[in-house]
Amino acid sequence: MLFTQGTVCEYMWFLDDGIICSWINLPGEADDEAITRIMTPGCVVVSPICFYGKLPSVENIEGLKDSSFFRIKG
């Protein structure tokens, strides 16, 4: 996990290798989730509102396989 829902994202990542998935928990009784983005090498990985606005994230970002990336602290 790069970060989880409810935390403030302090980094922006540039994905060099691997696959990253962003997903949210849907409201309701069931533990439903929805994938919002799949990121592949060359993508910038960030939760924009969380990173730029310094607000708690509504999404989770995690690696789907081993990944390598560069990160920038905001």
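This structure is a prediction, so every number in the text was calculated from the model and none was measured.
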**Asked** Do any pairs count as a salt bridge (charged side-chain N to carboxylate O under 4.0 Å, His left out) and have a residue in residues 2-19, sequence neighbours left out, and if so which ones?
**Response** E10-K73
**Request:** Please identify each residue that fulfils side-chain hydrogen bond (donor to acceptor under 3.5 Å, both in side chains) with S67, with sequence neighbours left out.
**Result:** none
**Request:** Look up atom CG in L55 and atom OG in S47, then write down how far apart they are to the nearest 0.5 Å.
**Result:** 9.5 Å
**Request:** Could you pull out all residues at least two apart from Q5 that satisfy side-chain contact (heavy atoms from CB on, under 4.5 Å)?
**Result:** N25, N60
**Request:** Check side-chain contact (heavy atoms from CB on, under 4.5 Å) between I19 and all other residues, then give those that pass, not counting sequence neighbours.
**Result:** I38, L64, K65
**Complete:** Here the pair of heavy atoms bringing C50 nearest to P56 is SG-C, 4.4 Å
**Asked** Considering residues at least two apart in sequence or located in another chain, which fulfil the side-chain contact (heavy atoms from CB on, under 4.5 Å) criterion with T40?
**Response** C43
**Request:** Can you tell me which residue pairs pass the salt bridge (charged side-chain N to carboxylate O under 4.0 Å, His left out) test with a partner in residues 40-51, sequence neighbours excluded?
**Result:** none
**Asked** With sequence neighbours excluded, what pairs up with D32 under the side-chain contact (heavy atoms from CB on, under 4.5 Å) test?
**Response** L26, A30
**Prompt:** Hydrophobic clusters join Ile, Leu, Val, Met, Phe, Trp and Tyr when side-chain heavy atoms are under 4.5 Å apart, directly or via other members; which others share one with I72?
**Reply:** none
**Complete:** Sorted by chain and number, sequence neighbours left out, side-chain hydrogen bond (donor to acceptor under 3.5 Å, both in side chains) with E62 holds for W23
**Item:** Donor-acceptor side-chain pairing of T36 and S22 below 3.5 angstrom
**Value:** yes
**Asked** Under a single-linkage rule joining Ile, Leu, Val, Met, Phe, Trp and Tyr whose side-chain heavy atoms are separated by less than 4.5 Å, which residues share a cluster with V8?
**Response** none
**Message:** Is the shortest side-chain heavy-atom distance between F70 and M12 below 4.5 Å?
**Reply:** no
**Whichever hydrophobic residues join L2 through chains of side-chain contacts under 4.5 Å** = F3, Y11, W13, L15, I20, M39, V45, I61, F69
**Item:** Qualifying salt bridge (charged side-chain N to carboxylate O under 4.0 Å, His left out) pairs, either residue in residues 36-58, two or more places apart
**Value:** R37-E59
